[in-house]
Amino acid sequence: MQTNITEFFLMGFSDLSPPLQGTIFTFFLCAYIFTLVSNGLIILTISLESILQKPMYFFLRNLSVHELCFTTVTVPKLLQAFISKDLSISFLACAIQMFIFFTIGVSECVFLGFMAFDRYMAICHPLRYTSVMNTKMCYQLSVGSWVIGSFVSLGQTSFVFSLPYCGSNRIAHFFCDIPPLLKLACTNTFINELSVFIACMCGAGVPFLLILCSYVNIMISIRLIHSSEGRHKALSTCSAHLASVILFYGTAMLTYLHIDTYGSVDNPFSSYNDRMLALSYCVIIPTINPMIYSLKNKEMKAAIRKLSHKHFRFQGLNKQKNYNNKCYSGIKSK
């Protein structure tokens with residue numbers, strides 16, 4: 001199929017007033033910086049501290065990698081558009097952005113399912129936990145989530161960008177996403193919409209069933225724990241994961257299972273709610289996940305403090321060494 005379009009225009013929030021655009025730009029910038037710093041700190045701490053070399057923290061580190069990639073593939077382009085007022089994105093760049101974004105999204109859905117399995121093994125089968133959730137298994141699950149995400153994303157991206165685009169090239173969104181692009185195609189997109197639904201069911205529905213089954217068994221096991229302290233500890237290890245699942249799955253499902261509600265750029269208010277949903281899982285969730293998962297975790301906070309003390313002590317030793325060298329050089333010159 002042929003297309004007459006060589007580039008698209010990401011209209012994003014261009015329909016809003018300049019003062020409101022300035023507020024949104026500031027919010028995006030602050031949220032992106034916080035996401036980079038907080039998730040980067042989590043990745044660095046878990047990588048360097050030996051006390052955190054456990055499967056649970058391996059999964060937390062990988063989740064932080066997902067969040068960093070999720071925001072980086074969309075937010076910088078949006079910030080650049082705010083500053084330069086250049087809303088254009090080439091046909092190829094749009095396809096690449098969609099592929100990467102969908103890969104990360106499906107991969108995170110699958111990864112959240114694997115994290116639920118990890119909690120299930122830790123609570124329901126603690127004696128077998130270390131033998132089953134070993135280093136090899138953790139890496140296999142991590143790589144598997146990315147492979148599944150890549151295959152699903154490759155299929156969806158190929159379907160969308162093989163469509164003919166011969167009309168408007170203005171995307172009523174702030175990044176190249178499937179629903180608003182389908183609205184620009186010059187053909188019936190029922191098959192594509194059906195394929196998106198099937199992809200959501202496979203890439204998100206199956207992991208969600210794994211999460212559901214895991215937590216049903218976890219709740220049964222927790223009820224059998226006699227001490228209230230033990231029940232509280234078991235619940236606390238699951239609460240953060242459940243919060244992330246509800247936030248991520250809820251907003252993503254609302255977006256990709258109601259494609260027909262997307263409006264055209266000529267009626268931007270009809271897609272306003274969809275942009276807000278995308279804003280939540282592209283920016284807000286990656287921003288608050290570090291606080292939900294890691295920055296309230298006692299072991300994580302202790303490891304961060306330990307790492308910061310090491311850094312400042314190293315800096316202090318370097319300053320003292322430089323000072324001693326200067327003093328020695330001064331005495332020698334005299």
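As a basis for the values below, the full set of heavy atoms in this structure was taken, side chains included, without hydrogen atoms, waters or symmetry mates.
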(message) What verdict does the side chain to side chain contact (heavy atoms under 4.5 Å, CB included) test give for Phe114 and Ser145, after you've listed the backbone C-alpha separation in whole Å, the side-chain angles of each residue and the deciding distance to 0.1 Å?
(response) CA-CA 9 Å; Phe114 290 153; Ser145 69; 4.2 Å; yes

(request) Give the C-alpha distance, both sets of side-chain angles, the deciding distance and a yes or no for ring-ring contact (aromatic ring centres under 6.0 Å, His included) between Phe101 and Phe70. (result) CA-CA 7 Å; Phe101 179 83; Phe70 217 47; 4.9 Å; yes

(message) For Phe58 and Thr135: C-alpha separation, side-chain torsions, deciding distance, then whether side chain to side chain contact (heavy atoms under 4.5 Å, CB included) applies.
(response) CA-CA 9 Å; Phe58 172 87; Thr135 303; over 6 Å; no

(message) Checking Tyr165 against Val160 for the side chain to side chain contact (heavy atoms under 4.5 Å, CB included) test, could you report, in this order, the C-alpha distance in whole Å, the side-chain angles of both residues, the deciding distance, and whether it holds?
(response) CA-CA 10 Å; Tyr165 295 95; Val160 171; 3.3 Å; yes

(request) For Leu184 and Asn169, run side chain to side chain contact (heavy atoms under 4.5 Å, CB included): C-alpha distance rounded to whole Å, both residues' side-chain angles, the deciding distance at 0.1 Å, then the answer. (result) CA-CA 7 Å; Leu184 303 182; Asn169 61 348; 5.6 Å; no

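For the pair Gln53 and Tyr57, the minimum side-chain heavy-atom distance is 4.5 Å or more. When side chains are defined from C-beta on, Met133 counts as touching Leu141, because their heavy atoms get closer than 4.5 Å. The closest side-chain heavy-atom distance from Phe161 to Leu181 is below 4.5 Å.
Cluster annotation: Tyr120 is connected to Val132 through the hydrophobic network of ILVMFWY side chains, with a link wherever side-chain heavy atoms come within less than 4.5 Å. Ile198 is not connected to Phe208 by any chain of hydrophobic side-chain contacts under 4.5 Å among Ile, Leu, Val, Met, Phe, Trp and Tyr, and they are in different clusters. Val245 and Val206 sit in two unconnected hydrophobic clusters of ILVMFWY residues. Membership requires side-chain heavy atoms under 4.5 Å apart, directly or through other members. Transitive grouping of hydrophobic side chains (ILVMFWY, heavy atoms separated by less than 4.5 Å) brings Ile33 and Ile24 into a common cluster. The hydrophobic cluster containing Met291 also contains Val65, counting ILVMFWY residues as joined when their side-chain heavy atoms lie under 4.5 angstrom apart, directly or transitively.
Nearest heavy-atom pair across Gln156 and Ala199 is NE2-CB, 3.5 Å. Across every non-hydrogen atom of Met56 and Asp118, the tightest pair is CA-OD2, 4.0 Å. Closest heavy-atom contact between Gln21 and Ser14: NE2-O, 3.4 Å. When all heavy atoms of Leu163 and Ala185 are compared, the closest pair comes out as CD1-CB, 3.9 Å. The minimum heavy-atom distance between Pro55 and Tyr129, with the atom names listed, is CB-OH, 3.2 Å. Residues Val283 and Ala31 approach most closely at CG1-CB, 3.5 Å, considering heavy atoms.
Residue pairs meeting the disulfide (SG to SG under 2.5 Å) criterion with at least one partner in residues 77-106, sequence neighbours excluded, are Cys94-Cys176. The list of side chain to side chain donor-acceptor pair (under 3.5 Å) pairs with a residue in residues 67-78, not counting sequence neighbours, reads Tyr32-Thr72, Glu67-Asn289, Lys77-Gln80. Annotation: side chain to side chain donor-acceptor pair (under 3.5 Å) contacts involving residues 204-219, sequence neighbours excluded, comprise Tyr215-His241.
Taking SG from Cys124 and CZ from Arg128, the interatomic distance works out to 11.0 Å, rounded to the nearest 0.5 Å. Here Ile123 contributes atom CD1 and Ser221 contributes atom OG; the two are 7.5 Å apart, rounded to the nearest 0.5 Å. The line from CG of Leu52 to CG of Leu60 is 9.0 Å long, rounded to the nearest 0.5 Å. Atom-to-atom distance recorded for Ile211:CD1 and Ile218:CD1 is 10.5 Å, nearest 0.5 angstrom. To the nearest 0.5 Å, atoms CD1 (Ile285) and CD (Glu108) are separated by 8.0 Å. Note that NZ of Lys183 and CZ of Arg170 are 16.0 Å apart. Values are rounded to the nearest 0.5 Å.
With Thr157 contributing its side chain and Leu154 its backbone, the two residues share no donor-acceptor pair below 3.5 Å. The backbone N or O of Phe175 lies less than 3.5 Å from no partner atom in the side chain of Gln97, so there is not a single donor-acceptor pair. Looking only at distances, no side-chain donor or acceptor of Ser142 sits under 3.5 Å from a matching main-chain atom of Cys138. Side-chain N or O atoms of Ser195 include one that pairs as donor or acceptor with a backbone N or O of Asn192 at under 3.5 Å. A distance-only check finds no donor-acceptor pair linking the side chain of Glu49 to the backbone of Leu44 [under 3.5 Å]. Judged by distance alone, the side chain of Asn134 and the main-chain N or O of Thr130 form no donor-acceptor pair under 3.5 Å. A donor-acceptor pair under 3.5 Å is absent between the side-chain atoms of Asn39 and the main chain of Leu68, judged by distance alone.
Taking the six-membered ring for Trp and thresholds of 30 and 60 degrees, Phe174 and Phe13 have nearly parallel ring planes, at less than 30 degrees apart. Relative orientation of the Trp146 and His66 rings is parallel, given thresholds of 30° and 60° on the angle between their planes. The aromatic rings of Phe82 and Phe28 sit tilted, their planes meeting at an angle between 30° and 60°.
Other residues, nucleotides and ligands place no more than 12 heavy atoms under 6.0 Å from the OH atom of Tyr139. For Leu209, the CG atom is densely surrounded, since the number of other residues' heavy atoms within 6.0 Å is greater than 12.
Taking Phe59 as the reference, Phe111 meet the ring pair (Phe, Tyr, Trp, His ring centres under 6.0 Å) condition, with sequence neighbours excluded. With sequence neighbours left out, the disulfide (SG to SG under 2.5 Å) criterion links Cys282 to no other residue. Partners of Phe159 according to the ring pair (Phe, Tyr, Trp, His ring centres under 6.0 Å) rule, which considers only residues two or more places apart in sequence or in another chain, do not exist here.
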